[in-house]
Amino acid sequence: MSKPRLRFAPSPTGSPHVGNIRTAVFNYLYCRHTGGTFILRIEDTDRERYVEGSLEEIMLSLRWMGMDWDEGPEVGGDYGPYFQSQRLDIYARYAEELIERGRAYRCYCTKERLEELRKYQESNKLPLGYDRRCRDLSPEDRARLERENPEPVIRFAMKLEGTTEFDDVVRGHLVFDNALQDDFVIIKSDGYPTYNFANVIDDHLMEITHVIRGEEFISSTPKHVQMYEAFGWETPVWVSVPLILDEQRRKLSKRSDTQTRFVSYIEDGYLPEAMLNFLATMGWSSGEDKKIYTREELIEQFTLEGISTSAAVFDLARLNDLQGEHVRLLSVDDLANRLVPFLQAANYVGNPPTASEMDYLKRIVPLIQPRLVLLKDAPDMTLYFYRDDFDYEEKGARKYLVKDTTPGLLEAVAEKLESLQQWFCETIELAVREAGASLGMEGGQVIHPVRVAVTGRTFGPGLFELMDVLGKDRCTARLRRAAAWARDRLGTVEPQTSS
RNA sequence: GGCGCCAUAGUGCAUCGGUUAGCACACGGCUCUUUCAAGGCCGAAGGACGGGUUCGACUCCCGUUGGCGCCGCCA
């Protein structure tokens with residue numbers, strides 16, 4: 001059997017969302033697992049809903065995920081063009097062929113008539129659908145109707161009896177009653193094909209072997225199957241993957257509370273490997289109890305049989321957990337490099353960063369790595385490594401700085417540190433503790449105020465590690481600044497005494 | 001309204017006729033600790049309901065209920 005050929009076929013009608021990309025993930029993983037070809041095809045047949053820029057977002061999202069396509073926009077291929085808007089003549093030709101075969105017909109019904117028909121059906125609780133008025137027109141009627149509406153659509157003539165059946169890898173054998181099917185439009189009055197038509201023509205012409213798509217297409221698959229039959233073409237393997245739902249358990253959409261635009265996850269600083277891990281394990285399982293998968297493991301283990309049947313609710317907490325795990329999996333150098341764009345945006349490092357900026361960053365990274373989730377949080381998390389004029393966190397200042405003992409303490413610590421010959425975690429810790437001890441204070445009583453003085457915050461990496469990175473001069477200067485700050489406010493602010 | 005798909009803790013998955021129904025996230029507690037994380041330990045929490053089939057059903061079949069999807073000159 002020849003190598004599988006799969007396509008991801010988005011329409012450029014808006015920002016791709018998580019569900020779209022998850023479908024791409026399954027296509028991509030199966031391709032790489034089998035050594036098949038991954039194709040990107042743009043289904044831009046709806047001129048009204050076309051959104052400028054969405055094509056770019058689609059390509060950016062796929063590439064960011066490391067899912068480069070083997071054929072498609074910008075890379076070409078032997079089955080192009082890969083934009084449906086550039087294949088109009090092809091669809092017209094095949095539509096004509098269907099008419100000749102008696103499996104399609106021109107429909108002159110106006111949108112108004114269709115609208116009325118629909119209203120009538122709805123108000124009488126009848127099944128919705130076209131009434132096939134134009135399916136068997138006499139030559140006279142056709143001529144008359146053609147004068148009334150010179151821009152007909154072309155509809156596919158569905159079988160009126162029997163059943164349409166097909167096998168879906170994840171759903172099993174599916175059977176649909178033909179009598180309930182609709183004569184759907186294949187060519188619109190503007191000459192553009194509909195999804196249902198172009199999709200089938202292109203899948204055949206591009207020799208697609210497996211159609212992996214969301215389960216919302218199950219109901220229209222009988223239409224597709226009948227077209228393959230009408231042309232005498234072999235059908236691809238159908239793979240209907242479960243939907244991804246938002247917290248309201250609705251199909252993900254722009255209206256969902258869940259962050260929908262995929263690129264917003266890129267902007268937030270999620271790791272592509274975390275996102276891939278997350279998306280791949282939503283609706284698919286290798287069968288083992290395993291949480292972290294690398295791209296290689298996913299490609300190695302991905303099978304169609306592992307795809308589950310039920311829809312999955314998008315769980316941001318799980319994504320974030322996976323994100324944290326993958327952040328911690330990165331080497332210091334790797335994480336440092338990925339942080340650069342975010343730090344540049346905050347003006348912490350230059351573009352490009354200097355060698356010494358990178359060296360400094362690589363000393364910071366180990367301290368924040370276990371605490372960092374979204375890369376976009378790095379600038380805030382590292383603020384005091386780059387700025388001296390930070391404010392003191394209000395609660396922390398009230399609790400640790402505004403005490404009559406603190407100015408003296410901080411100055412004593414500063415003095416002690418200034419005398420240090422060697423600046424290491426161990427020497428710093430010893431000095432800080434000793435300075436505190438000389439004033440009759442122990443551990444926490446000195447460490448907390450010092451932390452606030454040096455970082456402005458009550459939380460963060462180990463104090464001595466961070467002071468080590470900051471360096472002696474900065475630390476002592478900050479201690480003296482805090483001491484002065486505290487002295488200025490003595491008596492003016494009520495210290496918080498509770499622990 | 002018609003048709004279809006789905007149904008294991010709050011969430012994501014495992015268990016594909018025989019298990020005290022397992023794991024992860026989230027949640028609660030403890031622990032480590034200068035804080036916050038990370039880590040370790042412990043805990044609470046589940047087979048929608050009803051019928052079959054079978055020696056035995058979470059697992060197979062049917063029905064009910066519920067959820068979702070589709071029913072466009074959208075994809």
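A quick note: this is a predicted structure, and the numbers were derived from the prediction, not measured. Chain letters run A, B, ... following the sequence lines, proteins first and then strands; every chain starts at 1.
Contact annotation: A/Ser240 side-chain N/O to B/rC5 OP1/OP2 distance is not under 4.0 Å. The phosphate of B/rA75 has OP1 or OP2 within less than 4.0 Å of a side-chain N or O from A/Lys188. Between B/rG72 and A/Thr194, no contact under 4.0 Å exists linking OP1 or OP2 to a side-chain N or O. Taking only side-chain nitrogens and oxygens, A/Thr309 comes nearer than 4.0 Å to OP1 or OP2 of B/rA7. Using a 4.0 Å cut-off, no side-chain N or O of A/Lys291 falls inside it from OP1 or OP2 of B/rC23. For the pair A/Lys251 and B/rC70, the criterion of a side-chain N or O lying under 4.0 Å from OP1 or OP2 is met.
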Intermediate values then yes/no, salt bridge (Lys or Arg N to Asp or Glu O under 4.0 Å), A/Arg155 and A/Asp183: CA-CA 6 Å; A/Arg155 286 181 186 272; A/Asp183 281 359; over 6 Å; no

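Within the nucleic acid shown, A/Gly287 comes within 4.0 Å of sugar-phosphate atoms alone, with no base atom in reach, counting heavy atoms only. Among the protein residues, A/Phe278 comes within range of no part of the nucleic acid, since none of its heavy atoms lies under 4.0 Å from any strand. Residue contacts for A/Leu243: at a heavy-atom cut-off of 4.0 Å it reaches the sugar-phosphate backbone alone, with no base atom in range. Within the nucleic acid shown, A/Gly283 comes within 4.0 Å of sugar-phosphate atoms alone, with no base atom in reach, counting heavy atoms only. Contact annotation for A/Arg457: no contact, since no heavy-atom pair falls under 4.0 Å across all strands. Residue-level contact check: A/Val153 touches the bases, meaning some heavy atom is under 4.0 Å from a base atom. The residue A/Ile218 sits close only to the backbone: its heavy atoms come under 4.0 Å of sugar-phosphate atoms, none of a base. Contact annotation for A/Tyr192: no contact, since no heavy-atom pair falls under 4.0 Å across all strands. Residue-level contact check: A/Pro461 touches the bases, meaning some heavy atom is under 4.0 Å from a base atom. When heavy atoms are screened at a 4.0 angstrom cut-off, A/Ile187 is found touching no nucleic acid atom at all. Within 4.0 Å (heavy atoms only), A/Ser308 reaches sugar-phosphate atoms of the nucleic acid but no base atom. Backbone-only engagement by A/Ser11 is indicated by non-hydrogen atom pairs under 4.0 Å involving sugar-phosphate atoms exclusively. Contacts of A/Arg433 with the nucleic acid, taken as non-hydrogen atoms under 4.0 Å apart, involve only primed sugar atoms and P, OP1 or OP2.
Side chain of A/Arg49, nearest nucleotide from B/rU35, B/rC71, B/rC74: B/rC74. Closest to the A/Arg250 side chain, of the nucleotides B/rG69, B/rU35, B/rA75, is B/rG69. The A/Arg318 side chain lies nearest to B/rG12 when the options are B/rG4, B/rC74, B/rG12. Listed candidates were B/rA75, B/rG69, B/rA7. Nearest to the side chain of A/Ser219 is B/rG69. Picking from B/rG10, B/rG69, B/rA38 the nucleotide with the shortest atom distance to the side chain of A/Asp315 gives B/rG10. Here the nucleotide nearest the side chain of A/Asp321, chosen from B/rA24, B/rC6, B/rU34, is B/rA24. Comparing atom distances between the A/Arg249 side chain and each of B/rU11, B/rA7, B/rG72 picks out B/rU11 as nearest. Of the listed nucleotides (B/rG39, B/rU35, B/rC6), B/rG39 has the atom at the smallest distance from the side chain of A/Arg328. Distance from the side chain of A/Asn196 is smallest to B/rA75 among B/rC36, B/rC5, B/rA75. For A/Leu180, the side-chain atoms get nearest to B/rC3 when compared with the rest of B/rG69, B/rC3, B/rA14.
Here, B/rG2 and B/rA48 have their P atoms 26 Å apart, quoted to the whole Å. To the nearest whole angstrom, the two C1' atoms, one in B/rA14 and one in B/rG66, are 24 Å apart. Rounded to whole Å, the separation between the C1' atoms of B/rU11 and B/rG52 comes to 33 Å. B/rC71 sits 34 Å from B/rU15 when the P atoms are compared, rounded to a whole Å. Comparing B/rG28 with B/rA37, their P atoms are spaced 12 Å from each other, to the whole Å. Atom P of B/rA57 sits at a distance of 14 Å from the matching atom of B/rA21, rounded to the whole Å.
Using cut-offs of 30° and 60° for the angle between ring planes, the A/Tyr30 and A/His210 rings count as tilted. Ring pair A/His224/A/Trp238 is tilted by interplanar angle, where 30° to 60° counts as tilted. The aromatic rings of A/Phe390 and A/Tyr392 lie perpendicular to each other, with more than 60° between the two planes, well past the 30° mark. Using the six-membered ring where Trp is involved, A/Phe26 and A/Phe302 have ring planes that are tilted, between 30° and 60° apart.
Between A/Asn178 atom CG and B/rG4 atom P there is a gap of 13 Å when expressed in whole angstrom units. For the pair A/Asn199 CG and B/rG72 P, the interatomic distance rounds to 18 Å; values are reported in whole Å. Atom pair A/Met282:CE and B/rC25:P shows a separation of 16 Å (rounding to whole Å applied). Straight-line distance from the CG atom of A/Leu463 to the C1' atom of B/rA37: 15 Å, rounded to whole Å. Protein atom CG of A/Asn124 is 14 Å distant from nucleotide atom P of B/rG2, rounded to whole Å. Taking atom CG on A/Asp202 and atom P on B/rA75, their separation rounds to 13 Å, with Å as the unit. As rounded to whole Å, 15 Å separates atom C1' of B/rC71 from atom OH of A/Tyr195. Atom NZ of A/Lys223 and atom C1' of B/rG72 are 10 Å apart (whole Å).
B/rC70 and B/rG2 make up a base pair, with Watson-Crick or G-U wobble contacts both under 3.5 Å. B/rC13 and B/rG22 make up a base pair, with Watson-Crick or G-U wobble contacts both under 3.5 Å. In this structure B/rU54 sits in no base pair that meets the Watson-Crick or G-U test at under 3.5 Å. Across all strands shown, B/rG63 forms a Watson-Crick or G-U wobble pair, both distances under 3.5 Å, with B/rC49. A 3.5 Å limit on both hydrogen-bonding distances identifies B/rG43 as the Watson-Crick or G-U partner of B/rC27. Nucleotide B/rC32 forms no Watson-Crick or G-U wobble pair with any nucleotide shown, as no partner meets the under 3.5 Å limit on both distances.
Toward the 5' end of RNA chain B, the nearer of the two residues A/Pro370 and A/Pro242, judged by each one's closest nucleotide, is A/Pro242. Each of A/Gly306 and A/Thr13 has a nearest nucleotide on RNA chain B; the 5'-most of these lies closest to A/Gly306.
Inter-residue side-chain proximity for A/Glu273 and A/Tyr293 is flagged as unmet; no heavy-atom pair is nearer than 4.5 Å. Side-chain contact between A/Leu375 and A/Leu271 is present, with heavy atoms from C-beta onward closer than 4.5 Å. In this structure, A/Arg7 and A/Trp69 have side chains that are not in contact, with every pair of non-hydrogen atoms separated by 4.5 Å or more.
Counting all heavy atoms, side chain and backbone alike, A/Glu215 lies closest to A/Ser240 at CA-CB, 4.1 Å.
Using a 4.0 Å cut-off between charged side-chain N and carboxylate O, A/Glu96 and A/Arg106 make a salt bridge.
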